[in-house]
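These notes are about the structure you will find just below.
Residue numbers start at 1 and run along the sequence shown. These numbers come from a predicted model, not from an experiment. Keep in mind that the numbers below use all heavy atoms, side chains included, and drop hydrogens, waters and symmetry copies.
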Amino acid sequence: LRDSPGRSIFCYGAGYGTSHPVEAEVRRVRSQVPGDGLLTMSWGLRGLEMTSLDIVADELAAAEGMDLRTSVHVDSAESRPIEQLNSAGLLRETTTFVHGNGISDEEMTMLANAGCTVTISPDVEIKMGFGWPETGRLRAAGLMPALSVDDCPAAAGDMFATMRTAFAAQRGLDGTLKSRDMLEAAT
């Protein structure tokens, strides 16, 4: 990434599959990615689906101390992870939530009120059975979801295909996107 000609964000997801502390490892990598050029770093948190609320709180505090944005996957509506984070005062405008399939409208509003960002991966979410991309519901809650590929072996690395899938899925779900509207916009 240091040698690539474009801007890159390296989101380091240390600690997946372990409950061991990972702050020292993130600090080690952070020292190699100072963020003063085209390459910056963020921290891919383990989140409530992989660890405890106390560890998430500790990792968020450490990320803030290192001036790192964070991201976290959230695709389990049953445990109401956003509500848990909100109740603990852990929603940050520096955190991007990935997926969000099945979270409640109330939790989406919590994300919007906290200034969080959300990214969806339409191809992966459909192919891996996470559910329909939440594009329309997120927008209705006041969030503007970003698009991501998430998993190149499952969905390739084609952002145009990702855009087409997001469009087709939302249009199929609720018909909010009409061919007539597209023709009018093009003329």
Side-chain angles (χ1 to χ4, degrees), residues 1 4 6-16 26 33 35 38-50 56 59-60 63-64 67-77 79-86 90-174 176-177:
L1 292 174
S4 68
R7 179 162 165 61
S8 300
I9 299 173
F10 175 61
C11 185
Y12 190 44
Y16 278 23
V26 174
V33 185
L38 293 176
L39 176 60
T40 56
M41 182 178 161
S42 66
W43 186 342
L45 301 174
R46 291 176 272 190
L48 292 178
E49 293 169 6
M50 298 186 154
V56 172
E59 290 182 353
L60 277 168
E64 287 174 356
D67 196 28
L68 293 176
R69 288 190 59 84
T70 56
S71 75
V72 62
H73 279 67
V74 58
D75 55 22
S76 175
S79 64
R80 296 189 55 88
I82 306 303
E83 183 177 9
Q84 290 181 59
L85 293 170
N86 187 56
L90 297 175
L91 293 182
R92 305 279 191 273
E93 64 182 25
T94 55
T95 300
T96 298
F97 288 83
V98 183
H99 305 302
N101 301 88
I103 64 173
S104 70
D105 291 343
E106 179 185 43
E107 287 180 301
M108 288 183 186
T109 300
M110 290 174 192
L111 293 176
N113 290 343
C116 299
T117 54
V118 179
T119 182
I120 62 169
S121 308
D123 292 296
V124 166
E125 291 164 8
I126 292 170
K127 288 177 183 174
M128 292 187 173
F130 294 174
W132 292 106
E134 298 288 7
T135 314
R137 291 183 58 232
L138 289 164
R139 291 188 57 153
L143 295 157
M144 181 59 70
L147 298 174
S148 94
V149 172
D150 189 69
D151 183 350
C152 287
D158 182 353
M159 285 302 295
F160 287 102
T162 298
M163 287 183 262
R164 283 190 293 273
T165 300
F167 174 82
Q170 190 59 45
R171 185 174 183 194
L173 282 169
D174 64 14
T176 56
L177 302 173

Open item on the list: Check this for me: Asp158, atom CG, are more than 12 non-hydrogen atoms of other residues, nucleotides or ligands nearer than 6.0 Å?
Closed with: yes
Open item on the list: Check this for me: Glu93, atom CD, are more than 12 non-hydrogen atoms of other residues, nucleotides or ligands nearer than 6.0 Å?
Closed with: no
Looking at residues at least two apart in the chain, or sitting in another chain, which of them share a side chain to side chain contact (heavy atoms under 4.5 Å, CB included) with [X]?
X: Thr94; answer: Arg69, Arg92
X: Thr70; answer: Trp43, Leu45, Leu60, Ala63, Thr95
X: Met50; answer: Tyr16, Arg46
X: Glu106; answer: Arg80, Ser104, Met110

Less than 4.5 Å apart, side chain to side chain, heavy atoms only: is that true for [X] and [Y]?
X: Leu91; Y: Ile82; answer: yes
X: Val74; Y: Glu107; answer: no
X: Phe167; Y: Arg171; answer: yes
X: Leu111; Y: Phe97; answer: yes
X: Leu39; Y: Phe10; answer: yes
X: Ser148; Y: Thr162; answer: no
X: Leu68; Y: Val26; answer: yes

What side-chain donor-acceptor pairs closer than 3.5 Å can you find for residues 134-144, not counting sequence neighbours?
residue: Glu134; atom: OE1; partner: Arg137; partner atom: NH1; Å: 2.9
residue: Glu134; atom: OE2; partner: Gly102; partner atom: N; Å: 2.8
residue: Glu134; atom: OE2; partner: Arg137; partner atom: NH1; Å: 3.0
residue: Arg137; atom: NE; partner: Asp105; partner atom: OD1; Å: 3.0
residue: Arg137; atom: NH1; partner: Ile103; partner atom: O; Å: 3.2
residue: Arg137; atom: NH2; partner: Ile103; partner atom: O; Å: 2.7
residue: Arg137; atom: NH2; partner: Asp105; partner atom: OD1; Å: 2.7

Give me each pair satisfying ring pair (Phe, Tyr, Trp, His ring centres under 6.0 Å) with a member in [range], each pair once, sequence neighbours excluded.
range: residues 145-165; answer: none
range: residues 136-157; answer: none
range: residues 115-137; answer: His99-Phe130

Open item on the list: Can you see whether Ser71 engages Thr96 through a side-chain donor-acceptor pair at a distance of less than 3.5 angstrom?
Closed with: no
TODO: Verify, without hydrogens or angle tests, whether Lys127 (side chain) and Ala154 (backbone) share a donor-acceptor contact under 3.5 angstrom.
DONE: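 Side chain of Lys127 to backbone of Ala154, a donor-acceptor pair under 3.5 Å: yes, one is there.
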Open item on the list: With a 3.5 Å distance limit and no angle check, can you tell me whether Glu125 reaches the backbone of Gly131 through a side-chain donor-acceptor pair?
Closed with: no
TODO: Report the C-alpha distance between Thr40 and Val33 in whole Å, list the side-chain angles of each, state the deciding distance to 0.1 Å, and finish with yes or no for side chain to side chain contact (heavy atoms under 4.5 Å, CB included).
DONE: CA-CA 6 Å; Thr40 56; Val33 185; 5.6 Å; no
TODO: Check side chain to side chain donor-acceptor pair (under 3.5 Å) between Ser42 and all other residues, then give those that pass, not counting sequence neighbours.
DONE: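 Result, side chain to side chain donor-acceptor pair (under 3.5 Å) vs Ser42: none returned.
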Task: Those residues that, when tested against Asp150, pass side chain to side chain donor-acceptor pair (under 3.5 Å) (two or more places apart) - done: His73
Task: Separation between CD of Gln84 and CG of Leu90, rounded to the nearest 0.5 Å - done: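 The distance works out to 10.5 Å.
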Task: Interatomic distance, Ser121 atom OG to Leu147 atom CG [nearest 0.5 angstrom] - done: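 One finds 8.5 Å between OG of Ser121 and CG of Leu147.
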